[in-house]
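Okay, here's the structure, questions in a sec.
Given the structure is predicted, the values throughout are model-derived calculations rather than measurements.
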Number of protein chains: 2
Amino acid sequence: MQLDNRKKEVLHAIVDDYVSTNEPVGSKSLIERHNFQVSSATLRNDMAELEHMGLIEKPHTSAGRIPSDKGYREYVNSLMTIEELSPREQLEIEKRIDSSVDEVTDLIKNATHTLSEATGFVSLAMSPRLRKSFLKQLKILMIEPGKALVIMVLSAGVVKDKVVRIPNFISDEQIMKISGAIEKNLTGKPLDEITLVTVETAGKGTEVPEPLLKQVLYEAYAAIKQADELNIYLEGEHRILELPDFSSLGRARDLLGTLSDSGMVAGYVNEMENSRDHSTDDSFMIRIGQEIALEGLDDCSFITATYNLTDSVSGNIGVIGPKRMLYSKVISQIDFVKKKLNKEMQRFT
Amino acid sequence: MQLDNRKKEVLHAIVDDYVSTNEPVGSKSLIERHNFQVSSATLRNDMAELEHMGLIEKPHTSAGRIPSDKGYREYVNSLMTIEELSPREQLEIEKRIDSSVDEVTDLIKNATHTLSEATGFVSLAMSPRLRKSFLKQLKILMIEPGKALVIMVLSAGVVKDKVVRIPNFISDEQIMKISGAIEKNLTGKPLDEITLVTVETAGKGTEVPEPLLKQVLYEAYAAIKQADELNIYLEGEHRILELPDFSSLGRARDLLGTLSDSGMVAGYVNEMENSRDHSTDDSFMIRIGQEIALEGLDDCSFITATYNLTDSVSGNIGVIGPKRMLYSKVISQIDFVKKKLNKEMQRFT
DNA sequence: ATTAGCACTCTATCCCTTCGAGTGCCAACA
DNA sequence: TGTTGGCACTCGAAGGGATAGAGTGCTAAT
């Protein structure tokens, strides 16, 4: 069945009212608050149909209706209109992000924090996916016998390092030879094309005894792989408790419990990113309620956008909030933060 | 008034019972659960006196008694006996911390996580206070025109780095000269004795034009100062919600709100550390309820111990849990984790 | 297709009662 | 003087109606 115009308006109105009042909405209050040119009985008929179609539901027989996941989905896909943030709100966000940090990571954390403050929800960001960026420099610095620091400068303007163990009796000079060889042969190679074999090949020809060489090369490889690992930044978890939607302790507990396993959340965001439809240039991903395959997020919506550090290096930033949220507002907030982030990131590349 | 022996036993019993049942304890149940050789009426008299002394209080006229902050304090100071962890528990902790990480920071995070899991409370750790450690190496690595990485190796076995801005047109060679000069002159100096002036003096004599030199020296100084900054690691905030003590949403919200400002918590821990009584070798700090000068922690106890990375470089690790906790158990857990941490840290120095 | 009217449903809220654990105090006792 | 049994009293928690109010579905009329 198709939604005729009035039914669309009714659904739109129900979502709006429910979002703003947090009470199931009935046919009568719908008439009161909106300019429907029909009677409440007519709306009741419409609502019965919307319910039949699975777009709204009632908590109990004699209560008003609330949107179902499917209803929110319809609202987000076809009904709502995104409006720009007010200049005031824009300014507020720009002011908080502008801080002239020197590292991309700080910029991202900064943006995440700002987003959480602006929306009042939990916000999160993934670190840039660096597998498509390539090595610009790689140095190995001896720290003390048996310990060295591998420093990598990547094309995306990111610096990574890792402390590694090396053989105790290897000399400074030997380390420098190896480091030079790796750098010479691997510079320009994207991280996802660097394997243990590549590194070992790159290090061949170095005049360093085999077992020593092999261990250092392995550690260098491990450092490079670690640089490629994804991090997730979560902010504002405590704001959950301010929301009436999570006033039932149990829900709040489940949600925070799940969020505390940041690895799992990161994995999920990654999965979302991979299944994203890249054919459109719309970089938003929206998951509503049960669409989210994480425990305890049944009452949440999960919205992320993709930011770009370079053409081929990107990450995600977004929020986890209650399903009952002002979608149009939140989406423009995320969009604005994302754009600001993209702009600021140009400084680094 | 002095506490006679029986009153001590009564207080002890009240704390124990309240901790284990989470219900105000009355004279009758006290008799039932413990082997007092007197009647409940006698205990009632004792309890009235304990209340008069401010050690216990009643939620309402006709309820049992619960320990006051002062009562817990007395319990912690004089009544409880610390028992060792069972071998089983020890093993559990050792297993989780043993992981052979290569950086001190990871080790600390690891320990913090373990402590939170073991206690079921929020745990936290401060990064080592590095001001007494000294520079062993300082390198400045050019990343790209206008950007460099300052790398510092400290005596405590810690590596720190920071991306800094440098003049666009400075040469690799000039940077190396400056870096060499700083390293040569400042190696061996404790961080807290390094000031902007010290760094500028160290860099004198370098054959680099004044304004360029000055900016690089300033950035190097800033990097050193940043290495000295304290970090705090918090773990397991979500566990708060599992505790019956914080089932009243409002309290949980206040607590998590306060904890979300990690800078503030860090400042408080620092203050505690500074006011610690260093004359005894007891490295525990215990703050109960209102003794904690942080909003929303009225129902909490805050217990930390001091770990040592080297003789002069230390940090704190501990928990924030409900006042109504098994103090002896929690203290031995912290103690055990701290000792394990100290042991593992020897690898790094 | 829309509407007015009506009987029905279900929850939230308030009030009242009852129950029980606990207290304080008093008088008696060792 | 410290201890005890007894007793009246207090207060919160739990349970049981009763009521009000918002909302629904259905029917018959327009």
Residue A/Ser39, side-chain heavy atoms: nucleotide from D/dT4, C/dT3, C/dG22 that is nearest: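 Between D/dT4, C/dT3, C/dG22, the one nearest the side chain of A/Ser39 would be C/dT3.
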Length of the CG-P vector between B/Leu43 and C/dG24, whole Å: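 Value for this atom pair: 12 Å.
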A/His60 NE2 - C/dA12 C1' separation (whole Å):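 Going from NE2 in A/His60 over to C1' in C/dA12 covers 10 Å.
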Touch class at under 4.0 angstrom, heavy-atom based, for A/Ala63 against every strand present: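 Touches sugar-phosphate only.
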Sugar-phosphate, base or nothing in reach of A/Ser27, heavy atoms under 4.0 Å: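 Since only primed, P, OP1 and OP2 atoms lie under 4.0 Å of A/Ser27, the category is sugar-phosphate.
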Side chain B/Arg44 and base D/dG5 donor-acceptor under 3.5 Å: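 When only heavy-atom distances are counted, B/Arg44 does not reach the base of D/dG5 through any donor-acceptor pair under 3.5 Å.
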Proximity to the side chain of A/Val38 - top-ranked nucleotide from C/dT23, C/dT3, D/dT4: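 Nearest nucleotide to the side chain: C/dT3.
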Separation of atom CD in A/Gln37 from atom P in C/dT2, rounded to whole Å: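 Between P of C/dT2 and CD of A/Gln37: 13 Å.
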Heavy-atom donor-acceptor pair, A/Glu74 side chain to A/Gly71 backbone, under 3.5 Å: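 Here the side-chain-to-backbone pair does not exist.
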A/Ser86-A/Glu89 side chain donor-acceptor pair, cut-off 3.5 Å: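 A pair is found: one side chain offers a donor N or O, the other an acceptor, under 3.5 Å apart.
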DNA chain D: 5'-proximal contact among B/Ser40 and A/Arg65 (nearest heavy atom):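 The residue mapped nearer the 5' terminus is B/Ser40.
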Lys/Arg N to Asp/Glu carboxylate O, A/Arg65 vs A/Glu57, below 4.0 Å: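 Here A/Arg65 does not pair with A/Glu57 in a salt bridge, since their nearest N and O are not under 4.0 Å apart.
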B/Lys58 side chain near C/dG24 phosphate (N/O to OP1/OP2, under 4.0 Å):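 Result: yes.
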Stepwise salt bridge (charged side-chain N to carboxylate O under 4.0 Å, His left out) check, B/Asp4 with B/Lys7: CA-CA 5 Å; B/Asp4 64 39; B/Lys7 289 208 188 65; 3.1 Å; yes
Ion pair A/Arg73/A/Glu291, N-O distance below 4.0 Å: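 So A/Arg73 pairs with A/Glu291 through a salt bridge.
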Nearest-Å distance for atom pair CZ/C1', residues B/Phe36 and D/dG2: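 B/Phe36 atom CZ is separated from D/dG2 atom C1' by 17 Å.
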Shortest side-chain distance from A/Glu51, nucleotide among D/dT3, C/dT23, D/dG25: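 The closest nucleotide is D/dG25.
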Phosphate-side-chain proximity, A/Ser29 and D/dG23, N/O vs OP1/OP2 below 4.0 Å: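 A/Ser29 to D/dG23 OP1/OP2: side-chain N or O found under 4.0 Å.
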Length of the CG-C1' vector between B/Asn45 and D/dG6, whole Å: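 Rounded to whole Å, this separation is 14 Å.
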B/Leu30 CG to D/dT4 P, straight-line distance once rounded to whole Å: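 Between P of D/dT4 and CG of B/Leu30: 14 Å.
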Minimum-distance nucleotide to B/Ala41 side chain [options: D/dT3, C/dT3, D/dG5]: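 Looking only at heavy atoms from C-beta outward on B/Ala41, the closest nucleotide is D/dG5.
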Interatomic distance where CD belongs to B/Glu49 and C1' belongs to D/dG2 [whole Å]: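 In whole Å, D/dG2 C1' lies 11 Å from B/Glu49 CD.
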Among D/dG5, C/dT2, D/dG25, the one nearest A/Arg6 by side-chain distance: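 Closest nucleotide to the A/Arg6 side chain: C/dT2.
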Sugar-phosphate, base or nothing in reach of B/Thr61, heavy atoms under 4.0 Å: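 Sugar-phosphate only.
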Counterpart residues, ring-ring contact (aromatic ring centres under 6.0 Å, His included), relative to B/Phe336 (two or more places apart):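 Testing B/Phe336 for ring-ring contact (aromatic ring centres under 6.0 Å, His included), a comparison that skips the adjacent residues, returns none.
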Nucleotide nearest A/Ser62 when distance is taken to its side chain, options D/dA22, C/dT3, D/dT4: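 Closest of the options to the side chain of A/Ser62: D/dA22.
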Gap between atoms CD1 and P, on B/Ile31 and C/dG22 respectively (whole Å):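 Interatomic distance, CD1 of B/Ile31 to P of C/dG22: 12 Å.
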